Amino acid sequence: MNKIIIAISTLVLFASCNNKKEKTVDYAVIQGVVSNAKSKELTLYKSYQSLKKIKIKNDGSFVDTLRLEKGGYTFGSKANITPVYLFPGANLMINFDESTDKKTYR
């Protein structure tokens with residue numbers, strides 16, 4: 001009887017050790033490259049209100065981690081604005097040329 005209790009206890013112990021909890025992601029990442037950048041920053045808007053300014057580096061690249069609710073947002077510079085849908089866990093890459101309207105999304 002003791003061997004059965006020890007065996008069951010050992011199985012329960014191993015089963016509880018293998019129960020890995022998944023990490024929940026509470027942020028979205030937005031990144032990309034702006035060619036022919038005329039401005040030094042990009043802005044994220046929600047309902048026409050500015051939420052976040054993202055700096056453009058000298059090489060035209062930008063990256064930011066955003067903690068926000070899922071939903072529709074507007075993103076870009078004054079000359080080039082586009083709608084985006086963001087949610088926790090999103091990893092959005094936007095490349096665009098500020099001198100034209102051509103954009104690439106991934």
Side-chain angles (χ1 to χ4, degrees):
M1 184 67 150
N2 285 340
K3 291 181 182 180
I4 294 173
I5 293 173
I6 292 173
I8 291 173
S9 298
T10 304
L11 287 174
V12 169
L13 179 66
F14 283 126
S16 65
C17 290
N18 290 332
N19 188 8
K20 294 180 183 177
K21 293 184 180 180
E22 293 183 26
K23 292 183 180 180
T24 56
V25 177
D26 64 344
Y27 59 87
V29 176
I30 189 165
Q31 60 186 325
V33 177
V34 180
S35 301
N36 300 314
K38 297 174 187 170
S39 57
K40 298 290 182 194
E41 63 186 14
L42 301 168
T43 308
L44 182 70
Y45 298 94
K46 176 76 172 181
S47 301
Y48 302 106
Q49 292 183 348
S50 173
L51 295 180
K52 178 101 181 201
K53 301 231 184 251
I54 300 170
K55 300 255 185 227
I56 300 173
K57 296 178 185 173
N58 290 337
D59 63 355
S61 65
F62 64 91
V63 64
D64 203 348
T65 303
L66 308 166
R67 286 183 166 70
L68 41 76
E69 296 178 8
K70 68 179 176 179
Y73 295 86
T74 309
F75 177 77
S77 63
K78 291 181 182 179
N80 214 329
I81 296 177
T82 189
V84 294
Y85 182 81
L86 295 172
F87 55 92
N91 189 0
L92 180 64
M93 179 172 278
I94 300 177
N95 298 322
F96 66 94
D97 188 335
E98 201 165 31
S99 64
T100 67
D101 288 338
K102 294 181 181 179
K103 301 174 190 78
T104 304
Y105 305 97
R106 284 193 231 155

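Note that the structure is predicted; figures quoted are calculated from it, not measured. Along the sequence shown, residues carry numbers from 1.
- In this structure, Phe96 CZ and Ile81 CD1 are separated by 9.5 Å, a value rounded to the nearest 0.5 Å.
- Among residues at least two apart or in separate chains, there is no salt bridge (charged side-chain N to carboxylate O under 4.0 Å, His left out) pair with a member in residues 69-85.
- By the side-chain contact (heavy atoms from CB on, under 4.5 Å) test, Lys40 pairs with no residue at all, sequence neighbours left out.
- Taking the side-chain hydrogen bond (donor to acceptor under 3.5 Å, both in side chains) definition, one finds that Ser61 meets it with Asp59, sequence neighbours left out.
- To the nearest 0.5 Å, atoms CG (Leu51) and CG (Leu44) are separated by 5.0 Å.
- In terms of modelled atom types and a separation under 3.5 Å, the side chain of Lys46 and the main chain of Gly72 share a donor-acceptor contact.
- In this structure, Leu42 CG and Lys52 NZ are separated by 12.5 Å, a value rounded to the nearest 0.5 Å.
- At least one side-chain heavy atom of Leu92 sits less than 4.5 Å from a side-chain heavy atom of Val84.
- Ser50 is linked by a side-chain contact (heavy atoms from CB on, under 4.5 Å) to Thr43, Tyr45, Lys53, counting only residues two or more places apart in sequence or in another chain.
- Atoms NZ and OG, from Lys38 and Ser99 in turn, are 6.0 Å apart once rounded to the nearest 0.5 Å.
- Every pair passing ring-ring contact (aromatic ring centres under 6.0 Å, His included) that includes a residue from residues 60-83 is listed here, sequence neighbours excluded: Phe62-Phe75.
- Taken together through direct or relayed side-chain contacts under 4.5 Å among Ile, Leu, Val, Met, Phe, Trp and Tyr, Val63 and Val25 form part of one hydrophobic cluster.
- Within the 4.5 Å cutoff, the side chain of Leu68 has heavy atoms near those of the Leu86 side chain.
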N/O donor to acceptor pairs below 3.5 angstrom from side-chain atoms of residues 26-37, sequence neighbours left out:
residue: Gln31; atom: NE2; partner: Asn91; partner atom: OD1; Å: 3.1
residue: Asn36; atom: ND2; partner: Asp97; partner atom: OD1; Å: 2.9
residue: Asn36; atom: ND2; partner: Asp97; partner atom: OD2; Å: 3.1

